[in-house]
Amino acid sequence: MNPTEEIRTRFAPSPTGYLHIGGARTTLYNWLFARHYGGTFVLRIEDTDEVRSTVDSVTAILDSISWLGLDWDEGPLDLEREQGPYGSYFQMKRLPSYQEQIRKLLAEGKAYPCYCTKEETAAVRQETQAKGQPMPEDPCRRLSDAKRREHETAGRLPAVRFIMPDEGETVVEDLIRGQVHFESRLQPDLVIQKTTGGPTYNFACVCDDHAMRISHVIRGDEHLSNTPAQIRIYEALGWQPPKFAHLSMILGPDGTKLSKRHGATSTLEYRDQGFLPEALRNYLALLGWSTSDSKQLFTPEELFAAFDLPGCQKSPATFDPVKLNWMNGEYMRALAPADIVKRAEPFLKNAGLLPVPAGPPLIDVVALEREKFKLLPDVPGRVDFFYRETALTDKARKVLSAPEAKGVLSGLAELLGGFAPFMEKPLEEAIRGFCSAKTLKPGQVFHPLRAAVSGRTDGPTLFSMLELLGRETVVARLRKTAASLG
RNA sequence: GGCGCGUUCGUCUAGCGGCCUAGGACGCUGCCCUCUCAAGGCAGAGAUCAGGGGUUCAAAUCCCCUACGCGCCA
């Protein structure tokens, strides 16, 4: 890489819905690439589809990218404000610039108005295909003035087509796939302006990437086939094309393109399910990219230090929620208890545990359970019994159905009734003493004790749990459960 | 239909002609640790590298064909 060349990447979503997880990955790769080379990352909103574009989508996309912790150097800050020297970063506000370039191409004879309807074009194609003939020249390329007037008076609105070369080939030097050759003869003249007067995606994109000085276009696989036409447009306009890199797509578990029927595909859904943005980022980075040592866990610094295009995979990758879960657990475990509490706030609130009810300090409880959290909602889920009585799980019920359970619980209630200090070590000593005095195996005592006090069979280490719960709660729950066991 | 891209354990991947009896990670199985559950440690099962032809002393790695999947233009 030429160090004097400024690296500028961009993500250019259409605001026609939420940010898809595939889009999130594309954003991430562009961001990582820019950060790796000390370049600039640009966000541009491609909102020329007036029917499907919505402001809510713009907001959702900005929120998604922000939540992932990816910052953009240029682009919209919100619906009104923008930053960066090459604005506007909303295509709808750049319409005149596309028209100007189209006029230029038209004037230079590099493009022409085409009056054919979609149906007519399709019919011609079908016919020549059936005969196995090569692509015919578009009939509108050399339209007589008379014929043109005829169309005009008939009220037909022209699209504008860009003239592709008749022979030779266009080579895309793809940074991930290598050289990809396209025979010019087989490339139809690309529509660059729709009959409505608006630019097509492929054209606006070229104009903006040039205007915004984009050096590397890193985008989805689905754009590879359009790239030769785009390169020809750059040339026709006298511009230097950027470098291209096409990413393979993300598949669902059944091998088809990841979509809603595979579950969550919106980035914000992952936030709402309690994933950590740094975990999602790490997971997404590895979905189609890897280092030669197959390293799995990266700090943010390691990630953008290691990321580069040659490590990107050519073949599509299947999204694996199970591995994402594991990775999220890894990140959760690395968090300090205070951080866990902070991150879990919305979920604690939602579960009625914030403000924290009377009981042990939340941070102590969280510290006790920290290595068990996989997702943020696990925090209230695992911690709630410290603050309120929860229904017995089936397993707990089973443990308590042991014949000696009732006696054990009453005995313990008596033992602990006036017990002090109510702390881990003395409690363990006393309870182990209780076991030998009653000639019971520790398990026969520990298990029902845990079940009665917490309502479940899994949980924190027993004696620390008792200490945090406090004598009153422990004894009350023991008595109540003992009484319930007929 | 044409063109283009892709194809290594179930999944993510390493591999860029000999180091591969194909390595790592998730998941799975077993063992250890242990008051439960996790976490952790150890061990294991799991890929004839899509199939078939070449090239080469030697191919997962290079070339060709086929199959399948996907994308773009219609």
Side-chain angles (χ1 to χ4, degrees), chain A residues 118-119 121-135 164 169-170 172 174 176-178 180-191 202 220-229 246-257 283-297 310-327 329-330 332-334 368-374 378 382 393 395-396 399 427-428 431-432 435 441-451 453-454 456-466:
Chain A
K118 268 195 181 112
E119 293 71 28
T121 313
V124 172
R125 288 245 159 71
Q126 199 124 32
E127 198 179 320
T128 54
Q129 265 167 22
K131 292 181 192 158
Q133 290 170 342
M135 285 282 287
M164 288 294 284
E169 58 171 21
T170 308
V172 179
D174 192 281
I176 295 174
R177 285 151 205 277
V180 186
H181 299 254
F182 294 88
E183 244 187 292
S184 301
R185 184 172 72 83
L186 302 168
Q187 300 275 314
D189 291 343
L190 188 77
V191 176
N202 280 295
D221 204 341
E222 66 270 23
H223 294 111
L224 181 55
S225 301
N226 290 323
T227 309
H246 289 92
L247 268 18
S248 58
M249 53 189 358
I250 300 179
L251 270 25
D254 59 354
T256 64
K257 187 174 171 175
Y283 177 73
L284 250 21
L286 252 25
L287 205 58
W289 169 81
S290 63
T291 53
S292 54
D293 59 355
S294 287
K295 183 177 162 75
Q296 300 292 310
L297 269 6
C312 289
Q313 197 73 10
K314 297 186 187 83
S315 51
T318 304
F319 190 87
D320 181 10
V322 176
K323 184 164 178 181
L324 207 210
N325 269 301
W326 161 76
M327 198 170 271
E330 289 289 323
M332 289 283 280
R333 251 169 268 129
L368 209 54
E369 286 284 75
R370 57 176 273 172
E371 73 279 8
K372 297 199 189 71
F373 305 129
K374 273 197 154 28
D378 294 343
R382 300 209 68 92
T393 64
K395 282 181 183 172
V399 165
L427 279 167
E428 175 160 9
I431 292 169
R432 284 194 190 275
C435 294
K441 281 185 273 185
Q444 291 176 290
V445 175
F446 295 170
H447 297 325
L449 169 57
R450 170 186 298 285
V453 158
S454 72
R456 56 215 298 173
T457 51
D458 58 324
T461 170
L462 186 58
F463 305 104
S464 300
M465 178 175 95
L466 295 178

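Computed from heavy atoms alone, side chains included, the values below leave out hydrogens, waters and symmetry copies. In the text below, chain A, chain B and the rest are named by the order of the sequence lines, each starting its count at 1.
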Find which nucleotide of RNA chain B each of A:Arg432 and A:Lys295 is nearest to by heavy atoms, and output the residue with the more 5' nucleotide.
A:Lys295
Specify the residue among A:Ser290 and A:Asn202 whose closest nucleotide of RNA chain B lies further upstream toward the 5′ end.
A:Ser290
Looking at A:Arg177 and B:rC5, is any side-chain donor or acceptor paired with a base atom of the opposite kind under 3.5 Å?
no
Would you state whether a donor and an acceptor, one from the side chain of A:Ser294 and one from the base of B:rG23, lie under 3.5 Å apart?
yes
Do A:Ser184 and A:Met164 make a side-chain contact, defined as non-hydrogen atoms from C-beta onward lying under 4.5 Å apart?
no
At 4.0 Å (heavy atoms only), tell me whether [X] reaches a base, stays on the sugar-phosphate, or touches nothing.
{"X": "A:Arg456", "value": "nothing"}
{"X": "A:Gln296", "value": "base"}
{"X": "A:Gly220", "value": "nothing"}
{"X": "A:Leu462", "value": "base"}
{"X": "A:Glu169", "value": "nothing"}
{"X": "A:Phe319", "value": "nothing"}
{"X": "A:Pro442", "value": "nothing"}
{"X": "A:Glu183", "value": "nothing"}
{"X": "A:Gly443", "value": "nothing"}
{"X": "A:Met327", "value": "nothing"}

Does A:Gln187 make a side-chain N or O approach to OP1 or OP2 of B:rG4 shorter than 4.0 Å?
no
Please determine whether a side-chain nitrogen or oxygen atom of A:Ser225 lies at a distance below 4.0 Å from atom OP1 or OP2 of B:rC3.
no
Taking the same atom, [atom1], in [N] and in [M], what whole-Å distance lies between them?
{"N": "B:rG27", "M": "B:rC9", "atom1": "C1'", "result": "12 Å"}
{"N": "B:rA74", "M": "B:rU13", "atom1": "P", "result": "31 Å"}
{"N": "B:rC33", "M": "B:rC16", "atom1": "P", "result": "42 Å"}
{"N": "B:rU8", "M": "B:rG51", "atom1": "C1'", "result": "15 Å"}
{"N": "B:rG2", "M": "B:rA59", "atom1": "C1'", "result": "33 Å"}
{"N": "B:rG44", "M": "B:rA22", "atom1": "P", "result": "15 Å"}
{"N": "B:rC72", "M": "B:rU61", "atom1": "C1'", "result": "30 Å"}
{"N": "B:rC68", "M": "B:rC26", "atom1": "C1'", "result": "26 Å"}

Could you check whether A:Lys314 pairs with A:Asp174 (Lys NZ or Arg NE/NH1/NH2 to Asp/Glu carboxylate O, under 4.0 Å)?
no
Closest of B:rG4, B:rU11, B:rG6 to the A:Ser315 side chain is B:rG6
Considering only B:rU11, B:rC72, B:rC35, which nucleotide approaches the side chain of A:Glu222 most closely?
B:rC72
Indicate the atoms forming the closest heavy-atom contact of [X] with [Y], along with that distance.
{"X": "A:Gln296", "Y": "A:Met327", "value": "O-CE, 3.7 Å"}
{"X": "A:Met465", "Y": "A:Val453", "value": "CE-CG1, 4.0 Å"}
{"X": "A:Thr393", "Y": "A:Thr457", "value": "OG1-N, 4.4 Å"}

Length of the line joining [X]:[atom1] and [N]:[atom2], which is rounded to integer Å:
{"X": "A:His181", "N": "B:rG4", "atom1": "NE2", "atom2": "P", "result": "10 Å"}
{"X": "A:Asn325", "N": "B:rA38", "atom1": "CG", "atom2": "P", "result": "15 Å"}
{"X": "A:Leu251", "N": "B:rG10", "atom1": "CG", "atom2": "P", "result": "16 Å"}
{"X": "A:Lys374", "N": "B:rA38", "atom1": "NZ", "atom2": "P", "result": "9 Å"}
{"X": "A:Leu287", "N": "B:rC26", "atom1": "CG", "atom2": "P", "result": "16 Å"}
{"X": "A:Leu186", "N": "B:rC3", "atom1": "CG", "atom2": "P", "result": "7 Å"}

Pairing nucleotide - [N], Watson-Crick or G-U, each distance under 3.5 Å:
{"N": "B:rC57", "answer": "B:rG18"}
{"N": "B:rA39", "answer": "none"}
{"N": "B:rC33", "answer": "none"}
{"N": "B:rA67", "answer": "B:rU7"}
{"N": "B:rG44", "answer": "B:rC28"}

More than 12 heavy atoms of other residues, nucleotides or ligands under 6.0 Å from NZ of A:Lys395: yes or no?
no
Evaluate A:His246 against A:Val180 for side chain to side chain contact (heavy atoms under 4.5 Å, CB included), listing each step before the verdict.
CA-CA 11 Å; A:His246 289 92; A:Val180 186; over 6 Å; no
Could you go step by step and tell me if A:Gln187 and A:Thr170 meet the side chain to side chain contact (heavy atoms under 4.5 Å, CB included) rule?
CA-CA 10 Å; A:Gln187 300 275 314; A:Thr170 308; 5.9 Å; no
